[in-house]
Amino acid sequence: MEIENNLPKTFDPKSAEDKWYSKWLESKSFKPKAGKQGKTFTVLMPPPNVTGKLHMGHALDATTQDAVIRYKRMKGFETLWIPGTDHAGISTQAVVEKLIWKQEKKNRHDLGREEFLRRVWEWKEQYGSEIVNQQQKMGVSCDWDYSTFTLDEVPNKAVKKFFVMLFNEGLIYQSDYIVNWDPILQSAISDAEVEHKEVKGFFYYLRYKVKEDPNMELIIATTRPETIFADTAVAVNPDDERFKDLIGKTAIIPICNREVPIIGDEHVDIEKGTGCLKVTPGHDFNDFEIGKRNGLPIINILNKDGTFNKLAPEIEGLKPKDARAEVERILTELDALVEKKEHMNSVGHGQRSDEIVEPMVSKQWFLNTTEMSRVAVEAVESGEMTFFPKGWENTYFAWLKNPKDWCISRQLWWGHQIPVYYCKSCDAKWAAETDPSECVECRGKDFFQDPDVLDTWFSSGLWPLSTLGWPDEKVMAEKGFDKFYPNETLITGFDIIFFWVARMMMMGMKVTGKAPFAHTYIHAIVRDKQGRKMSKSLGNGIDPLDMVAQYGADAMRFTLAAGSGYNRDLNLDPERIEGYRNFVNKLWNAFRFVHPFLDKAKDELPVKSEWHLHDKWILAELNTVSKHMNEAFDVYRFDDASAEIYAFVYDKFCSWYIELSKNILYGEDEKAKIIRATMLKYCFRKIVNLLHPIVPFITEEIWSYLETDSKRLLISEEYVEFDKSLENDDVREMMNKFIDITTGIRNIRSSVNMKPKDEIDVKLFTDDKKLAKFVYESRHFLKDLANVKSGTIRNKEQDRPKKSASLATAHTEIFIPLEGIIDLNEQVNRIKKDMEKTQAEYKKVESKLNNQNFMANAPEEVRAEVNEKAKMYQDKLQSLNTLLDSFM
RNA sequence: GGGCGUUUAGCUCAGCUGGGAGAGCGCUACCCUUACAAGGUAGAUGUCGGGGGUUCAAUCCCCUCAACGCCCACCA
């Protein structure tokens with residue numbers, strides 16, 4: 001019979017993607033809608049930087065969040081997924097500065113603050129929307145009306161409100177402090193933004209004279225000889241027998257010949273170096289502390305661009321590297337350099353600029369996080385917020401249990417300007433949420449705002465609040481703050497646990513007393529197939545949009561979901577995407593098979609008494625899959641969810657149910673046809689439903705053929721739930737046996753190199769009467785599945801055919817009489833091999849049963865299982881013996 | 001130096017509270033069989049990093065060694 005099919009032979013992702021994304025937008029399917037759960041479910045998208053092109057990490061973010069949101073939406077939660085973008089102070093400013101320099105040879109100071117910011121905004125308007133396009137290509141179902149940019153009005157207000165609040169509480173303070181200075185950005189950066197890298201350097205052993213005793217000299221080891229101009233002391237350990245008499249005396253710094261005190265300080269390690277330490281409070285974190293303890297002066301010998309200033313006259317204007325060489329030259333000349341030894345040094349680099357950061361003392365704003373950290377720790381310890389996988393809480397704790405004050409000011413222009421004002425007429429300094437018109441103290445008009453801006457993470461930390469309108473009460477009401485805060489789940493990568501997760505926790509709890517989200521799912525970092533980080537310099541990056549163009553968004557999403565469980569790395573090989581593209585296509589073709597029969601299908605399932613055993617079986621299997629998928633999604637095991645449905649579609653639905661349906665659908669029995677068509681349609685509705693959170697496009701496309709009401713979109717359907725009444729272990733057992741027999745016959749066919757066209761006669765022997773009956777009734781199917789032309793099925797008391805190709809399962813012996821055609825020795829060997837294997841298995845269980853300790857200690861169910869297995873192996877061995885006998 | 005993690009089939013990885021070693025990709029043979037060659041059928045492959053211990057029973061728990069990776073701190 002010829003069946004017409006007007007569907008394309010391969011699935012075309014592109015047209016489906018565009019079509020359905022617009023339909024979802026039109027139908028407002030992404031907007032929160034009250035559902036049967038009576039609860040909200042909010043997810044906050046980590047806002048990508050406006051500078052950025054989306055990379056695979058974003059694609060993983062998008063896929064996992066979209067899967068969760070779609071799942072929960074279908075489960076009947078009122079879902080809200082909030083998108084947005086981050087102004088990313090440092091990187092954006094750097095990108096635009098570079099661009100302007102390239103085009104006009106002007107730096108930001110040439111343009112002035114106002115003009116420069118205008119240019120950055122212009123740039124942002126042009127490129128910021130690119131991100132939205134890219135996200136939409138991946139199918140994200142977020143509510144675009146909630147889209148927020150960190151420099152929008154409300155986040156601006158949030159930042160100011162929070163700043164002023166903490167300023168007035170005394171938690172935000174200004175201080176001269178040693179900070180990490182990035183000479184490229186010409187700004188302070190926080191500790192968290194510094195990355196340490198191993199760099200080859202040297203130990204320089206320098207000779208310092210002691211003023212009081214011209215014959216005495218101290219040898220000091222240092223890795224940074226160029227900083228001697230900023231030294232204000234020499235320190236030794238007060239318990240160090242070698243040097244303690246020198247404490248109180250004076251050392252003379254080579255080159256600049258400055259006299260500095262020799263002091264005793266516990267920090268000095270007797271074992272390390274020479275036991276003498278040069279103290280540079282202006283350019284070293286530890287020395288800064290020593291200086292504070294001992295009241296030492298601070299000398300700053302660096303300019304903002306990292307070159308040396310006039311306090312280091314011999315090297316003025318030089319960069320640290322050149323300065324070091326010059327100092328080395330002079331020291332050698334003066335015979336003050338005793339020795340130079342190679343040494344691996346770990347040196348701080350700016351996360352953004354990748355330039356060596358210089359510790360430098362400057363006036364900065366700090367946020368005291370002691371109390372906020374404690375609260376944030378408590379929230380996780382109490383279970384108010386849970387990490388998935390749980391292990392990541394260690395990383396979180398490591399950061400928060402050892403809080404350091406957070407340097408929040410940056411010497412940049414692009415960002416939230418610090419809302420602190422200074423009066424020029426009096427000494428007043430105050431923080432205000434709105435632009436002031438006069439000095440709070442002298443009411444003078446001559447005041448100015450602090451020129452610095454806040455660390456980007458300061459505004460990101462308030463993201464859960466500001467995206468829902470805080471602190472503007474009107475906007476909060478519009479956006480449903482009370483309804484959607486706290487969020488339910490945060491999904492992000494582990495690299496920003498303390499940059500972002502910890503800060504949101506601290507700030508969210510500070511403002512509302514509640515953790516901003518209940519769950520944090522930490523997903524893997526996407527790497528290349530060799531496990532290397534994707535980076536520009538390696539050129540191993542994979543562009544998600546290329547993958548979408550090449551294989552379709554569904555294939556890429558399925559790949560990412562399948563690779564994303566509780567693992568730390570996700571090594572992505574484009575070949576895997578191709579593999580899952582094939583899966584998507586498989587699904588499409590399975591549907592192509594069903595499609596012509598949809599006319600016959602009814603919308604309601606027939607009464608149970610009319611179900612074929614195949615139907616009961618596939619519905620039971622599908623039901624189990626739905627159970628496992630629900631469980632997996634609930635705990636963010638996207639890998640399990642994907643594997644479950646993948647295996648079902650391939651190994652159960654396509655390989656068996658569809659194959660078994662052909663005989664019926666191409667047959668004569670009209671009633672049976674209708675039932676089978678109805679069942680297939682029903683299964684397909686469930687399959688695309690279950691798959692929808694992972695592969696939204698193809699499932700919506702297929703759904704459109706299955707649902708007559710074109711207004712009902714799959715995205716808004718109810719997710720399949722477990723239904724206990726569909727479970728049926730007897731049917732499963734029967735089908736498994738039938739599959740054993742079919743596979744067994746195919747196995748024999750393959751072993752004797754039979755062509756698919758060759759028809760065969762099969763003789764089956766089993767003592768399972770129900771099975772015998774079912775197999776007999778299924779004889780037509782066996783023709784389709786294994787080209788069985790004729791056969792008999794008898795009990796094991798009957799004589800077996802001689803010299804046949806044969807095989808034994810635990811329940812059935814299969815004979816294919818082929819005397820004269822087959823190599824008998826080969827057959828005997830095959831049976832013997834099977835026998836050895838089975839015997840080995842049997843021995844394993846037998847030894848357990850003979851082990852008294854096992855019988856005494858093992859739980860009953862385990863014993864029962866082992867018993868059953870032993871019986872199964874015995875049966876099989878007996879059958880194999882019978883098979884061998886047939887060759888005698 | 002402190003902490004975390006990883007080590008299971010050629011590759012990438014799953015294996016929950018101990019009780020049959022699994023998946024995908026790849027590979028081999030045969031097949032263009034009327035949903036699908038982006039396919040079908042059949043098949044091969046593991047001393048579960050090494051050693052020791054607990055247990056009737058260890059990939060799983062404990063100890064130890066080794067290799068690799070990450071994070072933090074520090075480096076006179």
Side-chain angles (χ1 to χ4, degrees), chain A residues 1-3 5 7 9-11 191 196 201 203-206 219-224 235 268-269 271-279 284-287 343-347 391-392 394-395 398-399 402 494-495 497-498 525 529-531 551 555 559 562-563 565-573 575-576 578-596 637 639-640 642-643 646-647 654-655 658-659 662 666 743 746-751 753-757 784-787 841 844-845 848 851-859 861-863 865-866 869:
Chain A
M1 180 165 47
E2 272 301 310
I3 302 288
N5 208 329
L7 297 178
K9 217 168 173 181
T10 50
F11 175 63
D191 294 340
H196 289 269
F203 267 137
Y204 298 85
Y205 291 81
L206 310 185
I219 307 297
I220 296 180
T222 178
T223 53
R224 306 194 57 198
V268 182
D269 189 331
E271 308 291 325
K272 272 189 186 168
T274 59
C276 299
L277 185 65
K278 67 194 259 316
V279 185
D284 183 283
F285 287 92
N286 285 310
D287 293 5
H343 170 67
M344 285 308 283
N345 216 4
S346 119
V347 180
W392 286 113
N394 290 324
T395 304
W399 185 255
N402 185 16
F494 67 78
D495 47 337
I497 286 178
F498 30 80
I525 296 284
K529 66 172 174 179
Q530 291 157 31
Y551 302 112
T559 311
Y566 286 177
N567 44 326
R568 210 171 253 252
D569 300 311
L570 196 173
N571 296 354
L572 187 68
D573 183 347
E575 264 187 45
R576 303 197 68 188
E578 191 184 332
Y580 288 116
R581 187 272 315 265
N582 295 351
F583 170 72
V584 169
N585 193 51
K586 179 84 178 173
L587 184 73
W588 176 250
N589 274 293
F591 178 67
R592 263 184 90 229
F593 168 77
V594 175
H595 182 244
R637 287 300 303 252
D639 52 346
D640 286 349
S642 322
Y646 183 102
C654 290
S655 293
I658 284 189
E659 292 305 324
K662 287 178 178 172
Y666 296 142
T743 312
R746 286 170 174 172
N747 189 319
I748 296 173
R749 294 184 61 111
S750 167
S751 78
N753 291 322
M754 236 181 229
K755 300 272 184 257
K757 276 177 249 165
D784 292 344
L785 296 172
N787 208 2
E841 293 295 330
K844 262 198 240 171
V845 281
K848 277 190 183 176
N851 182 339
Q852 285 182 0
N853 286 324
F854 172 80
M855 294 309 279
N857 291 312
E861 53 202 70
V862 175
R863 290 200 316 262
E865 216 174 286
V866 172
K869 233 179 264 172

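Each chain gets a letter, A, B and so on, in the order the sequences are listed, and its residues count up from 1.
Both tests pass for A:R637 against the ring of A:Y566: distance under 6.0 Å to the centre and angle within 45° of the axis.
In this entry B:C68 has B:G5 as its Watson-Crick or G-U wobble partner, both defining distances falling under 3.5 Å. Nucleotide B:G39 has B:C31 as its partner under the Watson-Crick or G-U criteria, with both atom distances under 3.5 Å.
Residue A:K755 places no side-chain N or O under 4.0 Å from the OP1 or OP2 atom of B:U33. Note on A:K869: a side-chain N or O is less than 4.0 Å away from OP1 or OP2 of B:G20. Contact annotation: A:N747 reaches the phosphate of B:G43 (side-chain N/O to OP1 or OP2, under 4.0 Å). Taking 4.0 angstrom as the limit, A:S750 places none of its side-chain polar atoms (N or O) nearer than this to OP1 or OP2 of B:C31. Distances shorter than 4.0 Å separate none of the side-chain N or O atoms of A:N582 from OP1 or OP2 on B:A38.
Using a 4.0 Å heavy-atom cutoff across all strands shown, A:T10 reaches at least one base atom of the nucleic acid. A:Y646 comes within 4.0 angstrom of the backbone, heavy atoms only, and of no base. Residue contacts shown for A:S751 are absent, as no nucleic acid heavy atom lies under 4.0 Å away. A:L277 comes within 4.0 angstrom of a nucleotide base, judged by non-hydrogen atoms across all strands. A:V268 comes within contact range of at least one nucleobase, with a heavy-atom separation under 4.0 Å. Within the nucleic acid shown, A:K844 comes within 4.0 Å of sugar-phosphate atoms alone, with no base atom in reach, counting heavy atoms only. Across all strands shown, A:A643 has no heavy atoms under 4.0 Å from either base or sugar-phosphate atoms.
Regarding A:L587, its CG atom lies at a distance of 15 Å from the P atom of B:C36, rounded to whole Å. Atom CG in A:N589 sits roughly 13 Å away from atom C1' in B:U34 (whole-Å rounding).
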Filtered N/O pairs between nucleotides 72-74 of chain B and protein, under 3.5 Å:
residue, atom, partner, partner atom, Å
B:C74, O3', A:N286, ND2, 3.2
B:C74, N4, A:S346, OG, 2.7

Could I get a table of every N or O pair under 3.5 Å where one atom is in the protein and the other is in nucleotides 11-18 of chain B?
residue, atom, partner, partner atom, Å
B:U12, O3', A:N571, ND2, 3.2
B:C13, OP1, A:N571, ND2, 3.4
B:A14, O3', A:R637, NH2, 3.2
B:G15, OP1, A:R637, NH1, 3.1
B:G15, OP1, A:R637, NH2, 3.4

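Toward the 5' end of RNA chain B, the nearer of the two residues A:A590 and A:N851, judged by each one's closest nucleotide, is A:A590. Sequence order on RNA chain B of the closest nucleotides to A:N853 and A:N394 puts A:N394 first from the 5' end.
A gap of 8 Å separates the P atoms of B:A9 and B:U47, to the nearest Å. Annotation: B:U6 and B:C13 have their P atoms spaced 12 Å apart (nearest Å). Of the P atoms belonging to B:C56 and B:U45, the separation is 34 Å, rounded to the nearest Å. Annotation: B:G51 and B:U12 have their C1' atoms spaced 29 Å apart (nearest Å). For the C1' atom pair drawn from B:G46 and B:C11, the interatomic distance equals 14 Å after rounding to whole Å. Nucleotides B:U54 and B:G22 place their P atoms 29 Å apart, quoted to the nearest Å. Spacing between B:G69 and B:G49 at atom C1', rounded to whole Å, works out to 15 Å. Annotation: B:G3 and B:C48 have their C1' atoms spaced 27 Å apart (nearest Å).
Classified by interplanar angle (parallel below 30°, tilted 30° to 60°, perpendicular above 60°), the ring pair A:F593/A:Y666 is perpendicular. Classified by interplanar angle (parallel below 30°, tilted 30° to 60°, perpendicular above 60°), the ring pair A:Y580/A:Y646 is perpendicular.
Considering only heavy atoms from C-beta on, A:K844 comes within 4.5 Å of A:E841 through its side chain. Annotation: side chain of A:I220 is not in contact with side chain of A:Y205 (no heavy-atom distance under 4.5 Å). Under the 4.5 Å side-chain criterion, counting only non-hydrogen atoms from C-beta, A:L572 is in contact with A:T559. Two residues are said to be in side-chain contact when any heavy atoms from C-beta on lie closer than 4.5 Å; A:L587 and A:F11 fail this criterion. Between A:I525 and A:F494 the shortest side-chain heavy-atom distance falls below 4.5 Å. Using a 4.5 Å heavy-atom threshold, the side chains of A:T395 and A:F498 count as touching. A heavy-atom distance below 4.5 Å is found between the side chains of A:I497 and A:W392.
When atom types are taken as modelled, the side chain of A:D284 and the backbone of A:N286 share a donor-acceptor pair closer than 3.5 angstrom.
A donor-acceptor contact under 3.5 angstrom links the side-chain atoms of A:R581 to the base of B:A38. Contact annotation: side chain of A:K9 to base of B:C36, donor-acceptor pair absent below 3.5 Å.
With values rounded to the nearest 0.5 angstrom, A:N589 atom CG is found 8.5 Å from A:K9 atom NZ.
Taking only side-chain atoms of A:E575, from C-beta outward, the nucleotide of B:C25, B:A35, B:C56 with the closest atom is B:C25.
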